[in-house]
Amino acid sequence: LADFRSRYPAHELSADIGLLLIENFEAAQQWQMAAVELESLLAVEAEPVRQQELLYLAASYYDRAGEVDLAIKRYRDYAHRWQRPVATRMEAMRRLAELYQADNENDKRNYWLRKLIAAHGDAASEQSERSLYLAAYAASELAQQATLAFQAIELQLPLQKSLQRKNKALKQALQDWQQVNAYAIARFASLASYRMAEIYRELAQALLESERPAQLDALALEQYGFLLEEQAFPFE
């Protein structure tokens with residue numbers, strides 16, 4: 001088919017060879033070759049709906065072929081260009097978040113996680129159980145990162161200063177998990193409840209294990225420890 005098309009590009013039968021090649025490449029699971037043919041069709045396609053279909057299919061075939069950079073570019077083009085249908089756009093954004101995570105590009109991953117949340121919020125009548133699930137998934141991934149940021153802050157002297165930083169991170173993490181909880185999906189809501197409890201427990205533990213002032217004598221150090229226990233107890 002490819003040989004015929006190269007020899008006789010103006011022949012009427014050559015017009016349908018692209019579709020035939022795609023069918024054969026799909027059957028042979030030669031996804032990259034199928035994607036290349038799809039892009040050739042896309043270059044001459046005038047119908048917007050058909051353009052959408054071809055672009056998304058090309059992205060998914062590059063994805064299957066392991067061509068990560070090309071897959072990212074096509075998914076990204078699709079997500080930026082086509083706002084509707086919401087369902088397909090959100091699947092493209094979900095995959096972008098996954099591919100950027102695999103490449104350790106956290107900022108870009110977070111961009112698309114936030115886009116997932118916004119897309120569900122803006123979907124109006126196109127909201128679905130799937131869009132709700134993807135929004136809750138994206139929110140939980142962002143909340144988990146906020147939790148890690150909270151955990152990374154050690155309570156060091158001067159305690160008041162480091163405690164302010166940790167409290168600020170705590171509030172952000174709790175706010176993010178509360179957003180996850182608001183989606184009311186059992187899987188994520190139970191995770192959110194657990195994580196919020198753990199955050200309070202970890203703050204109490206961090207207070208008890210925080211750095212002690214070096215100049216205190218034994219009695220003062222004991223009293224300092226009692227004060228920390230009083231601070232930690234409500235969180236426990």
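Numbers here simply count residues along the sequence, with the first being 1.
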Exercise for the section: Would you mind listing every ring-ring contact (aromatic ring centres under 6.0 Å, His included) that reaches into residues 194-214, with sequence neighbours excluded? Expected result: none
Fill in the blank from the handout: Of all heavy-atom pairs linking S128 and H120, the shortest is O-CE1, 4.4 Å
Exercise for the section: Give me the ring orientation class for W112 and H80: parallel if the planes are under 30° apart, tilted from 30 to 60°, perpendicular past 60°. Expected result: tilted
Problem - Residue list, ring-ring contact (aromatic ring centres under 6.0 Å, His included) with Y61, at least two apart or on another chain - result: W31
Exercise for the section: Assess the side chains of D176 and Q145: does a donor N or O sit below 3.5 Å from an acceptor N or O? Expected result: no
Practice task
Could you pull out the closest heavy-atom pair between A35 and A58, with the gap in Å?
Solution key: CB-O, 3.8 Å
Handout entry: Residues forming a side-chain hydrogen bond (donor to acceptor under 3.5 Å, both in side chains) with R165, sequence neighbours excluded
Key = none
Side-chain donor-acceptor pairs under 3.5 Å in residues 214-227, sequence neighbours left out?
residue: D217; atom: OD1; partner: L219; partner atom: N; Å: 3.2
residue: D217; atom: OD1; partner: A220; partner atom: N; Å: 2.8

Practice task
Please check if any side-chain donor atom of E47 sits under 3.5 Å from a side-chain acceptor atom of Q51, or the reverse.
Solution key: no
Exercise for the section: Using a 4.5 Å cut-off on heavy atoms from C-beta on, say whether the side chain of Y56 contacts that of Y75. Expected result: yes
Exercise for the section: Could you name each residue pair satisfying salt bridge (Lys or Arg N to Asp or Glu O under 4.0 Å) that touches residues 9-36, not counting sequence neighbours? Expected result: none
Practice task
May I ask you to say whether K73 pairs ionically with D77, meaning some side-chain N is under 4.0 Å from a carboxylate O?
Solution key: yes
Exercise for the section: Kindly compute the distance separating CG (L99) from NZ (K108), expressed to the nearest 0.5 Å. Expected result: 12.0 Å
Fill in the blank from the handout: residues 137-189 vs ring-ring contact (aromatic ring centres under 6.0 Å, His included), sequence neighbours excluded, gives Y133-F188
Problem - Ion pair check, K166 and E154, cut-off under 4.0 Å - result: no
Problem - E126 vs P85 side-chain heavy atoms within contact, under 4.5 Å - result: yes
Practice task
Would you please name every residue forming a side-chain hydrogen bond (donor to acceptor under 3.5 Å, both in side chains) with D107, sequence neighbours left out?
Solution key: none
Handout entry: Side chain to side chain, L57 and E53, heavy atoms closer than 4.5 Å
Key = no
Handout entry: Check: L170 and L203 side chains under 4.5 Å, non-hydrogen atoms
Key = yes
Practice task
Grab the two heavy atoms, one from R84 and one from Q52, that are nearest each other, plus how far apart they are.
Solution key: O-NE2, 2.7 Å
Completion exercise
Apart from Y8 itself, its cluster of hydrophobic side chains linked below 4.5 Å comprises L1, F4, L13, I17, L20, L21, F25, M33
Fill in the blank from the handout: Contacts of D122 meeting side-chain hydrogen bond (donor to acceptor under 3.5 Å, both in side chains) (sequence neighbours excluded), chain-then-number -> none
Problem - Selection residues 56-67 - residue pairs positive for salt bridge (Lys or Arg N to Asp or Glu O under 4.0 Å), sequence neighbours left out - result: D63-R95
Exercise for the section: Go through the structure and list residues passing side-chain hydrogen bond (donor to acceptor under 3.5 Å, both in side chains) with R5, not counting sequence neighbours. Expected result: E37
Handout entry: salt bridge (Lys or Arg N to Asp or Glu O under 4.0 Å): pairs with one or both residues in residues 178-205, sequence neighbours excluded
Key = E198-R201
Fill in the blank from the handout: d(M93 CE, L134 CG) to nearest 0.5 Å is 8.5 Å
Exercise for the section: Would you indicate whether Q231, at its atom CD, is surrounded by more than 12 heavy atoms from other residues, nucleotides or ligands within a distance under 6.0 Å? Expected result: no
Handout entry: Test salt bridge (Lys or Arg N to Asp or Glu O under 4.0 Å) applied to R94 and E98, step by step
Key = CA-CA 6 Å; R94 172 195 61 80; E98 292 174 346; 2.9 Å; yes
Handout entry: ILVMFWY network linking L41 to V36, side-chain heavy atoms under 4.5 angstrom
Key = no
